[in-house]
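So the structure is just underneath, and the comments pick up after that.
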Amino acid sequence: MDDVLVRAQALVDEYARELADTLPRGAEIFDAHVHLGNDIDGFSGKYEDLESVNNRYGISRCFMFCLDEPDRHPAFRAANDRTLAYAERSGGKLIPFVRLDLSEEPIEEATRCLDLGARGIKLHPRAQRFLLNDERLAPVFELAAERRVPILIHGGRGLPPIASELASLVERYPAAQLIIAHGGIADLPALAERFAGKAGVFFDTSVWSPIDLLNVFSVFSHEQILYASDFPYGQQPSSLLIALRTAKASGLDEDDLRDMLAGNANRIANGEPPLEPSRPKGGDTFSQPLAFARIHQYLSMATPLLWTRQQDTVGVIGLAINACYDRDGYAEERERIKELLAAARDLWRVLPEVQDEQEQRVVSRTTFRLIHLADIFAVTPRD
């Protein structure tokens with residue numbers, strides 16, 4: 001297993017080194033969505049690991065908040081205190097957001113943390129089990145508007161429609177800037193209808209599907225999009241590559257990329273007014289060579305199996321590898337995808353041999369990193 005894991009890590013490192021060629025020259029990177037702490041799902045975000053990632057990839061600042069912590073009761077108070085301590089330790093590189101539970105003194109906890117230096121509010125309706133029509137949200141938005149701090153709210157999987165209720169809150173409290181996480185994929189068409197072209201409403205790039213992100217760039221302008229990784233769930237270099245390659249495929253130029261990578265988040269962090277959104281540059285249709293469409297289909301089938309630590313009994317990685325032999329004029333891209341998938345296949349096969357829980361997590365996440373990189377290149381074969 002050790003040899004297979006070393007080979008896989010070497011491949012990931014190769015793409016990390018290439019990332020510099022994808023970035024605009026001298027570009028700043030601001031990660032608008034990272035977690036530190038321990039989640040009840042078993043994931044953990046360690047300060048030292050985030051610091052190492054930020055140093056390696058040249059990430060200057062982050063919006064940072066806690067996870068759904070085992071000691072979240074009462075009111076995320078202990079976890080929010082740790083968030084504030086991490087921010088102080090970082091010397092300004094980590095910008096703290098207070099996480100709230102609407103059932104446990106949210107206004108009191110938000111006020112306490114904002115007074116202590118928090119500069120944003122984090123809400124997670126799925127984890128904290130509330131709907132967006134909850135009357136307890138209005139005072140949170142009112143406080144955010146009064147204190148001129150942004151609200152970042154989960155907009156990914158596991159939610160009912162959220163656009164109508166969010167639109168009502170934004171209309172009522174326009175001074176509260178809103179960041180909808182995970183590209184708003186939970187309700188993307190309705191969110192686009194309500195918020196496309198709306199200054200002060202942003203969408204972050206922390207999604208795993210490049211197709212989703214192409215859709216985000218097709219309905220929102222670059223002035224409304226923030227680069228984000230969702231550390232420790234999102235991993236590098238995939239997080240930066242998926243944002244950059246889909247952005248370039250959507251027609252963003254270097255100045256647009258600079259806004260997405262850091263400019264928009266810097267304006268939020270610095271208390272500056274948002275830019276007026278321009279027209280989106282992405283297209284409303286998507287096409288790709290059939291071989292790459294097949295690869296993407298098989299890798300989409302592989303992802304839930306891997307996330308639930310099941311074996312590839314269907315053989316989808318083998319099907320994706322076989323699709324790489326298509327002769328379509330994209331020989332270099334197909335060879336690179338095939339190399340990533342062969343390493344992922346070999347690593348996935350040894351997963352049942354791993355008994356230690358932490359080692360299992362390392363193996364499964366490394367396997368997913370390889371598959372995710374392959375999928376990003378299959379959807380965006382040429383930037």
Side-chain angles (χ1 to χ4, degrees), residues 5-34 45 48-63 93 183 204-214 216-217 222 225-266 292 296 299 330 332-341 343-344 365-383:
L5 189 58
V6 167
R7 176 189 170 209
Q9 188 58 58
L11 270 177
V12 172
D13 290 343
E14 178 183 326
Y15 284 90
R17 288 190 294 270
E18 289 184 14
L19 185 60
D21 296 331
T22 308
L23 288 164
R25 183 176 300 175
E28 181 186 359
I29 305 171
F30 188 131
D31 191 334
H33 186 149
V34 306
E48 294 79 9
D49 291 344
L50 178 60
E51 183 179 47
S52 176
V53 168
N54 288 350
N55 288 338
R56 179 172 187 181
Y57 292 94
I59 298 168
S60 60
R61 293 202 285 179
C62 305
F63 291 144
K93 293 182 178 180
D204 81 32
T205 66
S206 61
V207 303
W208 72 86
S209 167
I211 299 290
D212 278 338
L213 208 43
L214 287 171
V216 170
F217 283 114
H222 68 273
I225 299 176
L226 308 175
Y227 165 69
S229 70
D230 194 21
F231 175 90
Y233 299 99
Q235 303 177 88
Q236 299 292 5
S238 303
S239 175
L240 277 164
L241 283 170
I242 191 174
L244 288 164
R245 291 182 68 90
T246 54
K248 290 184 177 183
S250 300
L252 273 66
D253 61 28
E254 288 206 348
D255 288 337
D256 302 335
L257 292 175
R258 292 176 193 278
D259 279 333
M260 177 196 75
L261 287 168
N264 298 329
N266 274 326
F292 290 110
H296 170 68
L299 298 186
Y330 292 85
E332 181 180 351
E333 290 93 335
R334 287 187 285 100
E335 282 300 312
R336 299 192 74 184
I337 291 171
K338 185 170 67 175
E339 183 181 35
L340 288 164
L341 294 181
R365 279 174 65 76
T366 304
T367 306
F368 176 70
R369 290 174 84 178
L370 297 168
I371 289 173
H372 195 206
L373 283 168
D375 193 38
I376 292 166
F377 280 82
V379 173
T380 61
R382 288 183 180 170
D383 59 1

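No hydrogens, no waters, no symmetry mates; every other heavy atom, side chains included, goes into these values.
Closest of all the heavy-atom pairs between K248 and T22 is NZ-O, 2.7 Å. What you find for V216 and G183 is that their closest heavy atoms are CG2-O, 3.6 Å. The shortest non-hydrogen separation linking L11 to A343 is CD1-CB, 3.6 Å. Heavy-atom minimum distance, A32 versus F63: O-CB, 3.5 Å. Closest of all the heavy-atom pairs between P210 and D375 is CD-OD2, 3.6 Å. The shortest heavy-atom contact between V12 and Q236 is CG1-O, 4.2 Å.
Residues N266 and R61 form a side-chain contact, since some pair of their non-hydrogen atoms from C-beta on lies under 4.5 Å apart. Side-chain atoms of R369 and Q9, non-hydrogen and from C-beta on, do get closer than 4.5 Å to each other. The closest side-chain heavy-atom distance from C62 to N54 is below 4.5 Å.
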Walk me through it: do H372 and L241 pass the test side-chain contact (heavy atoms from CB on, under 4.5 Å)?
CA-CA 10 Å; H372 195 206; L241 283 170; over 6 Å; no

Go through it in stages, so that I can follow the logic: the residues are Y15 and L340, the test is side-chain contact (heavy atoms from CB on, under 4.5 Å), and I'd like the CA-CA distance, side-chain angles, deciding distance and then a yes or no.
CA-CA 10 Å; Y15 284 90; L340 288 164; 3.5 Å; yes

Worked check of side-chain contact (heavy atoms from CB on, under 4.5 Å) between D259 and L252:
CA-CA 10 Å; D259 279 333; L252 273 66; over 6 Å; no

Chi angles and distances behind the salt bridge (Lys or Arg N to Asp or Glu O under 4.0 Å) call for R336, E339:
CA-CA 5 Å; R336 299 192 74 184; E339 183 181 35; 5.8 Å; no

Criterion side-chain contact (heavy atoms from CB on, under 4.5 Å) on L261 and L23, from CA distance to verdict:
CA-CA 9 Å; L261 287 168; L23 288 164; 4.0 Å; yes

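Atom-to-atom distance recorded for D253:CG and R258:CZ is 10.0 Å, nearest 0.5 angstrom. Expressed to the nearest 0.5 Å, how far OG of S238 lies from CH2 of W208 amounts to 14.5 Å. The line from CZ of F231 to CG of D31 is 9.5 Å long, rounded to the nearest 0.5 Å. Rounded to the nearest 0.5 Å, atoms CG (L370) and CG (L299) are 11.0 Å apart. The line from OG of S250 to CD1 of I225 is 8.0 Å long, rounded to the nearest 0.5 Å. Taking CZ of R334 as the start and CG of L341 as the end, the distance is 13.0 Å to the nearest 0.5 Å.
Ring-centre distance between F292 and F377: not below the 6.0 Å cut-off.
Counting only distance, with no hydrogens or angles, the side chain of K93 and the backbone of E51 share no donor-acceptor pair below 3.5 Å. Of the possible polar contacts, none joining the N264 side chain to the Y227 backbone as a donor-acceptor pair under 3.5 Å is found.
Checked for salt-bridge contact, R17 and E14 miss the test: no charged N lies under 4.0 Å from a carboxylate O.
Within 6.0 Å of atom CD in E48, more than 12 heavy atoms from other residues, nucleotides or ligands are found, so the atom counts as buried in its surroundings.
Residue I242 is tested with T380, L213, D212, T205 for a side-chain contact (heavy atoms from CB on, under 4.5 Å); the sole match is L213.
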